[in-house]
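Treat the numbers as computed from the prediction; the structure is a model and nothing was measured.
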Amino acid sequence: MKILVLNGPNLNLLGLREPAVYGHATLADVEQLCCDVGARLGIEIECRQSNHEGVLVDWVQEAGAAHRRGELAGAVFNAGAYTHTSIAILDAIKAISVPVIEVHLSNPHTREGFRHKSYVGMAAKATVA
């Protein structure tokens, strides 16, 4: 079984960007944690990060194709700021059958008002914040 972990814009700056909000762990730390947990559970984890919306859309579409071939069980997606702005990512998630779980490193509902709306959450099977 394989799970795809997608991270969006600015997540490559984890550990440096607003550590009071996002913590001191780097993206490499988070990815290693995911892989370690996956290994303990017998699940292959593939991690990807991009600051580019179109690349993320391409990866969501790839995940859909991999799921249809039986190569991918699901995806975990922290779309960063695109969570609140990207109808393209919403449409890509809606177009595939692979279950997508939305992830946030903070609680967006306790932050600025523009973070309260999640396009990713409109199509995700679940949200973890």
Side-chain angles (χ1 to χ4, degrees):
M1 178 186 326
K2 182 176 180 179
I3 302 288
L4 179 62
V5 177
L6 296 177
N7 286 290
N10 298 312
L11 289 161
N12 57 309
L13 298 177
L14 284 178
L16 301 172
R17 178 179 172 239
E18 299 181 78
V21 174
Y22 300 110
H24 294 281
T26 66
L27 181 58
D29 295 334
V30 172
E31 291 176 341
Q32 187 61 56
L33 176 63
C34 291
C35 290
D36 290 347
V37 170
R40 283 198 306 271
L41 298 172
I43 300 169
E44 179 185 353
I45 305 295
E46 179 180 345
C47 299
R48 299 179 184 180
Q49 187 276 329
S50 180
N51 291 321
H52 304 281
E53 182 179 29
V55 171
L56 294 166
V57 168
D58 289 343
W59 288 343
V60 168
Q61 292 175 1
E62 279 181 33
H67 181 68
R68 285 192 304 276
R69 293 189 304 267
E71 300 167 0
L72 186 71
V76 176
F77 196 177
N78 183 339
Y82 290 137
T83 298
H84 317 291
T85 64
S86 181
I87 295 169
I89 290 174
L90 165 65
D91 287 347
I93 295 170
K94 287 172 61 176
I96 62 171
S97 61
V98 63
V100 174
I101 306 301
E102 174 186 37
V103 172
H104 299 278
L105 295 176
S106 66
N107 182 348
H109 297 291
T110 64
R111 300 185 63 203
E112 304 93 340
F114 68 86
R115 295 186 194 274
H116 297 181
K117 183 173 190 170
S118 170
Y119 288 102
V120 172
M122 291 177 188
K125 299 294 182 201
T127 300
V128 178

Of the non-hydrogen atoms in A25 and D29, which two are nearest, and what is the gap between them?
-> CA-OD2, 3.5 Å
To the nearest 0.5 Å, atom SG of C47 lies from atom CG of L11 at 12.0 Å
Under the side-chain contact (heavy atoms from CB on, under 4.5 Å) test, residues paired with A126 that sit two or more places apart = I101
Is there a chain of hydrophobic side chains (I, L, V, M, F, W, Y, each step under 4.5 Å between heavy atoms) that links V57 to V120?
-> yes
Is C35 close to V5 at the side-chain level, that is, under 4.5 Å between some pair of heavy atoms?
-> no
Return each pair, listed once, that meets salt bridge (Lys or Arg N to Asp or Glu O under 4.0 Å) where at least one residue sits in residues 71-90; pairs must be two or more places apart or across chains.
-> R69-E71
Output all residues satisfying side-chain contact (heavy atoms from CB on, under 4.5 Å) with E46, sequence neighbours left out; order by chain, then residue number.
-> K2, L4, R48
Would you say M122 has more than 12 foreign heavy atoms packed within less than 6.0 Å of its CE?
-> yes
Hits for side-chain contact (heavy atoms from CB on, under 4.5 Å) against L13, two or more places apart or cross-chain, chain-then-number order -> N10, R17
Run the side-chain donor-acceptor check on residues 85-94: report pairs under 3.5 Å with partners two or more places apart or on a different chain.
residue	atom	partner	partner atom	Å
S86	OG	E53	OE2	2.4
S86	OG	A88	N	3.4
S86	OG	I89	N	2.9

With a 4.5 Å heavy-atom cut-off, do I96 and H67 have their side chains touching?
-> no
Tell me yes or no: between the side chains of S118 and E102, is some donor less than 3.5 Å from an acceptor?
-> yes
Can you check whether N51's main-chain N or O pairs, donor with acceptor, with Y82's side chain at less than 3.5 Å?
-> yes
Look up atom CD in E44 and atom CG in L72, then write down how far apart they are to the nearest 0.5 Å.
-> 9.5 Å
Do you know which two heavy atoms are closest between G74 and V98, and how far apart they sit?
-> CA-CG2, 3.5 Å
Kindly write out the residues that satisfy side-chain contact (heavy atoms from CB on, under 4.5 Å) with A39, not counting sequence neighbours, or none if the list is empty.
-> none
Taking Q49 for its side chain and G8 for its backbone only, find out whether a donor-acceptor pair lies under 3.5 Å.
-> yes
Does D36 use its side chain to pair, donor to acceptor, with the backbone of L33 at less than 3.5 Å?
-> no
Point-to-point distance, once rounded to the nearest 0.5 Å, from CG of L56 to CG of N78 = 10.0 Å
How many angstroms lie between CG in L41 and CD1 in I3, if you round to the nearest 0.5 Å?
-> 10.0 Å
Should V37 and V76 be regarded as members of a common hydrophobic cluster, given that ILVMFWY residues are connected when their side-chain heavy atoms come within less than 4.5 Å of each other, either directly or indirectly?
-> yes
Is I43 reachable from V100 through a run of I, L, V, M, F, W or Y residues, each pair having side-chain heavy atoms under 4.5 Å apart?
-> no
Report yes or no: do L27 and L6 belong to one cluster of Ile/Leu/Val/Met/Phe/Trp/Tyr joined by side chain heavy-atom distances under 4.5 Å?
-> no
